[in-house]
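These notes are about the structure you will find just below.
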Amino acid sequence: MSDTETRAGESLLKRIDAPGDLKALTVEQLKVLAKEIRDLILANASEHGGHLAPHLGVVELTLAIHYVFDTSQDRLIWDVGHQSYTHKLVTGRRDQFHTIRCKGGLSGYPRRDESPYDAFGTGHSSTSISAALGMAVARDRQKQKHKVIAVIGDGAMTGGMAFEGLAHAGHLGSDLLVILNDNKMSIAPNVGALSSYLSRLITAGVYNRAREDIGSFVKRMLGPQLTKAAHKLEHSVKGLITPGSFFQEFGFRYIGPADGHDLETLVGLLSNIKDFRGPVLFHCVTQKGKGYPFAEEDPLKYHGVKAFDIQTGQFRGSEDSPDKTRVRSFTEAFVETLIEEAHKDSRIVGITAAMPTGTGLSEFEKVFPDRVFDVGICEQHAVTFAAGLAADGQKPVCAIYSTFFQRSYDQFVHDVCLQKLPVVFALDRSGAVGEDSPTQQGAFDLSFLRCIPETAVLVPRDDLDLAAMLRWSLKQPFPVVLRYARGLAPAIGAPHERDITQGEILREGREATFLAVGPILSACLEAADRLAAAGVPVGVADARSVKPLDTALLDRLADTPIITVEENSIEGGFGSAVMEYFERQGRAHDVRLTRLGFPDHFMEHATRKEQLEEVGLSADGLYRAACAFLGVQVSGPVK
């Protein structure tokens with residue numbers, strides 16, 4: 001038996017320390033390896049959670065790319081990053097795979113500083129074609145010969161930036177391979193004209209063309225030496241050249257659609273496509289969740305998972321909550337309140353950018369199916385679309401994750417705020433988000449939002465506050481941003497009956513006051529309890545509104561030291577707003593103030609609890625910071 005033959009009971013994956021090792025395997029062995037990889041991805045996700053279904057769907061395609069191309073030299077760019085686990089396993093990170101998404105371990109996304117095989121860091125969507133084109137042009141300018149490949153999901157292809165990249169690539173004519181991984185889903189099922197177009201390509205009558213027509217193409221592509229693969233290709237591929245006029249109009253040569261799980265087909269086609277000149281789009285049809293029946297049946301449910309039982313598919317216990325007495329997340333409070341208000345006002349509509357489940361709008365859609373608009377991965381369009389709705393009398397509520405809202409900043413400023421249009425923005429996943437990449441952390445929204453005129457920015461401390469703020473926001477004639485955290489809300493207490501934009505003193509303290517916004521108030525109250533036990537009475541105040549500030553509350557607190565606390569970059573955030581207010585009042589030297597928040601660096605992946613501990617925003621960290629600020633001796637850790 002040769003070294004490249006499969007030995008009984010031997011793991012092929014353990015032989016793969018770099019992509020070049022794949023080339024010693026046969027295509028039949030690649031199929032065995034694909035199963036090993038799926039089993040490992042499934043086992044790891046069942047223990048630690050994370051993304052699952054999208055990784056299961058791209059195993060064969062990943063192996064075929066690394067098998068055909070020399071990715072030690074060629075550039076391979078993964079869009080979004082939900083497709084990259086197989087890539088990580090065959091590029092020298094197999095033995096670290098159990099650490100993925102854990103503190104100090106591998107990232108769940110491609111990162112340039114993690115591996116030389118990660119040509120471009122990704123986390124947000126629709127960037128791969130633009131980045132790949134930049135690399136192709138850099139290659140050409142330096143008279144180099146390596147290949148450049150972008151792998152983009154069909155969901156990511158809905159993003160406007162992908163079309164901008166396609167248009168520019170077609171115009172320049174550089175050698176570039178774009179592989180479209182078409183599984184009809186991003187996270188939720190895809191929407192829009194492009195999704196319909198791809199479906200028509202797959203189901204159109206051109207696939208019933210004469211066998212000799214397909215056969216003649218197969219021979220040209222694969223050559224006579226690959227007769228077995230060519231014969232199989234005739235049966236497994238629903239047509240290799242279709243009227244892909246949409247992509248051809250962009251200047252791309254269109255190949256496909258091909259079965260993205262047929263390794264013989266993929267290897268044969270990629271081996272020939274790699275020598276094509278100019279821009280090429282290779283359309284592969286895959287199944288999200290491939291190989292795990294529960295994920296195949298419900299890829300949305302198993303897109304991102306917490307720990308689960310592989311045999312039953314049942315998820316294990318819920319994530320840690322800041323408080324166990326009320327089990328409702330901020331997202332649930334948002335959508336439940338939105339449904340209540342929509343029953344009263346038919347003008348209320350919901351908008352999401354391909355995240356109906358994550359933002360809660362999928363629940364709203366069950367009640368009001370004609371009042372939810374999923375625009376695809378198009379945050380910029382979502383915001384201006386909302387502006388148009390508001391301009392003509394509707395009440396749009398635009399629900400977007402904080403990190404993705406960054407992509408629509410220009411539209412927020414020019415199309416909404418400049419025109420003072422009454423759009424409500426629900427920014428989910430603000431602050432520390434947890435195990436996902438630094439690209440996903442909602443660390444900057446308070447800083448980039450509070451400088452924009454004609455808007456209000458509110459930060460609920462718990463689910464009851466969020467409900468009250470949403471009701472208030474829907475009545476305002478100007479833009480309002482509600483910024484709230486991921487996960488279960490703490491149970492801090494019912495909001496007072498005054499204007500929900502006014503602050504509230506939750507605990508009096510003559511030595512100092514924690515002045516905070518958001519669920520971090522729970523940690524502030526815990527730290528204040530310990531300080532009180534140490535004989536240092538420190539108060540806790542909820543500012544609630546970052547823009548405009550409750551200046552009456554600030555004036556009331558100014559006579560004692562103030563410790564501002566926020567889950568946001570300390571640069572230009574809530575604490576800066578408080579400091580700037582006292583500066584405008586000519587009291588900057590009279591008020592003793594310190595600011596606590598996220599330090600000036602990108603936050604690495606870890607659990608949300610670990611992230612807050614690392615940046616000093618746990619109850620213990622706040623206690624210690626207060627002791628240092630007030631000159632009090634520090635005792636042991638918070639229990």
Side-chain angles (χ1 to χ4, degrees), residues 322 430-431 445-447 449-450 456-462 465 469 483-485 490 492-493 495-496 498-532 536-585 587-599 612 615-619 621-630 632:
S430 292
D445 51 55
L446 293 182
S447 299
L449 288 171
R450 74 175 189 85
V457 181
L458 307 181
V459 187
R461 67 184 181 227
D462 58 19
D465 241 14
M469 288 178 178
R483 185 255 197 195
Y484 48 95
I492 294 177
H496 56 63
R498 296 175 297 145
D499 184 346
I500 196 66
T501 65
Q502 292 182 333
E504 182 178 9
I505 295 178
L506 304 178
R507 178 178 185 144
E508 298 283 355
R510 63 179 181 273
E511 295 294 328
T513 301
F514 286 117
L515 175 61
V517 286
I520 200 69
L521 278 151
S522 179
C524 291
L525 288 167
E526 188 177 344
D529 285 342
R530 184 173 173 192
L531 287 161
V536 185
V538 171
V540 179
D542 179 5
R544 276 208 175 96
S545 177
V546 172
K547 187 181 183 72
L549 291 170
D550 183 349
T551 56
L553 175 67
L554 299 186
D555 290 339
R556 179 178 172 183
L557 299 176
D559 292 336
T560 58
I562 296 173
I563 305 167
T564 65
V565 187
E566 60 192 298
E567 281 190 55
N568 187 81
S569 170
I570 203 165
E571 308 293 328
F574 165 66
S576 296
V578 173
M579 191 166 59
E580 290 163 12
Y581 168 73
F582 288 125
E583 182 181 47
R584 288 193 299 271
Q585 299 302 307
R587 304 183 62 185
H589 298 293
D590 300 330
V591 178
R592 189 179 173 200
L593 183 147
T594 191
R595 297 174 295 142
L596 303 178
F598 295 162
L612 294 178
V615 298
L617 296 183
S618 64
L622 295 175
Y623 165 77
R624 291 172 182 277
C627 287
F629 180 54
L630 298 174
V632 175

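Values below: all heavy atoms of this structure, side chains included; hydrogens, waters and symmetry mates excluded.
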Tell me the closest heavy-atom pair linking [X] and [Y], and the distance in Å.
| X | Y | result |
| --- | --- | --- |
| Ala626 | Leu531 | CB-CD1, 3.8 Å |
| Val517 | Asp542 | CA-OD1, 4.3 Å |
| Glu566 | Gly575 | OE2-N, 2.8 Å |
| Ala619 | Ala527 | O-CB, 3.5 Å |
| Gly573 | Ser447 | N-OG, 3.5 Å |
| Phe514 | Ala528 | CE1-N, 4.2 Å |

Can you confirm whether [X] sits close enough to [Y] that some side-chain heavy atom of one is under 4.5 Å from a side-chain heavy atom of the other?
| X | Y | answer |
| --- | --- | --- |
| Cys524 | Arg507 | no |
| Phe598 | Leu617 | yes |
| Val578 | Val591 | no |
| Leu553 | Leu515 | yes |
| Leu506 | Arg461 | yes |
| Glu526 | Leu622 | no |

Full working for side chain to side chain contact (heavy atoms under 4.5 Å, CB included) between Val459 and Asn568: CA-CA 11 Å; Val459 187; Asn568 187 81; over 6 Å; no

Start with the C-alpha gap between Leu557 and Ile505, add the side-chain angles, then the distance that decides, and say whether side chain to side chain contact (heavy atoms under 4.5 Å, CB included) holds. CA-CA 9 Å; Leu557 299 176; Ile505 295 178; 4.1 Å; yes

How many angstroms lie between atom [atom1] of [X] and atom [atom2] of [Y], to the nearest 0.5 angstrom?
| X | Y | atom1 | atom2 | answer |
| --- | --- | --- | --- | --- |
| Leu596 | Phe629 | CG | CZ | 9.0 Å |
| Leu549 | Leu554 | CG | CG | 5.5 Å |
| Glu583 | His589 | CD | NE2 | 8.5 Å |

Apply side chain to side chain contact (heavy atoms under 4.5 Å, CB included) to residues Leu446 and Arg483 and explain how you reach the verdict. CA-CA 8 Å; Leu446 293 182; Arg483 185 255 197 195; 3.8 Å; yes

Positive for side chain to side chain contact (heavy atoms under 4.5 Å, CB included) with Val538, one of Leu630, Val632, Thr560, Thr513: Leu630

Would you say that more than 12 heavy atoms from the other residues, nucleotides or ligands in this model lie under 6.0 Å from the CZ of Arg510, or not?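 Check fails, neighbour count at 12 or below.
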
Charged N-O contact under 4.0 Å between [X] and [Y]:
| X | Y | answer |
| --- | --- | --- |
| Arg450 | Glu580 | yes |
| Arg556 | Glu508 | yes |
| Arg544 | Asp465 | yes |

One pair to check against side-chain hydrogen bond (donor to acceptor under 3.5 Å, both in side chains): Tyr581 and Asp555. What are the steps and the verdict? CA-CA 10 Å; Tyr581 168 73; Asp555 290 339; 2.8 Å; yes

